[in-house]
Every structure is written in structure tokens, then in C-alpha cells.
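Below you'll find the structure, written out as C-alpha cells, and then a few comments.
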Amino acid sequence: MPVAERAALGLERLPGSLAEALAALEADAAVCGWFPPQLLESYLGVKRTEIDLLKGLVQAELCRRSAQVY
């Protein structure tokens with residue numbers, strides 16, 4: 001769907017990365033309010049650590065590590 005058509009319908013793209021998703025989460029006060037502050041802080045910390053640990057890996061290595069964990 002073209003950008004102009006999405007905008008006219010009030011539609012926004014989903015985040016394209018985990019970092020973008022975390023930024024969107026933090027920017028949404030309503031969603032942040034669904035979680036106790038300590039839980040949200042812990043979740044964000046774990047996910048940021050995940051980003052750091054996986055930074056620079058090629059797709060095949062990311063898939064291999066994900067398969068090991070899950």
C-alpha cells in the first residue's frame with residue numbers, strides 16, 4: 001500500500017527491528033502503564049542486552065543461535 005494511502009487511513013508501519021519496537025514501547029505511555037515499572041525496566045534491559053549480543057552477526061548465525069535457544 002502506498003505511503004500516502006496508509007497515511008490517509010491513519011495506518012503506520014510496524015517497527016522494523018527490535019530496537020525500533022523497544023523505542024515505540026517506551027514512547028507509548030498507555031502501554032507502559034500496563035506493566036509494573038520494575039518488570040518493564042527488566043524487560044527493556046534484557047532486550048537491549050540481546051541487541052548488543054547479536055549485533056554484527058550474519059543472518060545464518062542469528063538463525064542458528066535462535067534455534068539453540070528456542
Worksheet item: In Å and rounded to the nearest 0.5 Å, what is the CD to CG distance from Glu5 to Leu9?
Response: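 Nearest 0.5 Å value for the CD-CG distance: 6.0 Å.
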Worksheet item: Tell me, do Leu22 and Tyr43 make a side-chain contact under 4.5 Å, heavy atoms counted?
Response: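 Leu22 vs Tyr43: side chains touch.
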Worksheet item: Taking C-beta and beyond as the side chain, do Leu18 and Leu54 meet within less than 4.5 Å on heavy atoms?
Response: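 Of all side-chain heavy-atom pairs linking Leu54 with Leu18, none is under 4.5 Å.
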Discussion item. Hydrophobic clusters here meaning ILVMFWY residues chained together by side-chain heavy-atom distances under 4.5 Å, can you tell me if Leu14 and Val31 are in one?
Written reply: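 Shared cluster, no.
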Shortest non-hydrogen contact from [X] to [Y]?
| X | Y | answer |
| --- | --- | --- |
| Leu25 | Cys32 | O-SG, 3.1 Å |
| Leu53 | Leu57 | O-CD1, 4.3 Å |
| Pro15 | Ala24 | CG-CB, 4.4 Å |
| Arg6 | Met1 | NH1-O, 2.8 Å |

Discussion item. Using a strict threshold of under 4.0 Å (side-chain N to carboxylate O), is an ion pair present between Arg48 and Glu26?
Written reply: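 Salt bridge between Glu26 and Arg48, a charged N being under 4.0 Å from a carboxylate O: yes.
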Fill in: Pair Gln59-Leu62, side chain to side chain contact (heavy atoms under 4.5 Å, CB included): steps then yes or no
CA-CA 5 Å; Gln59 188 68 31; Leu62 289 170; 4.2 Å; yes
Worksheet entry | Neighbour count >12 (heavy atoms, 6.0 Å) for atom CD, Gln38 |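 Counting neighbours around CD of Gln38, 12 or fewer heavy atoms of other residues, nucleotides or ligands fall under 6.0 Å, so no.
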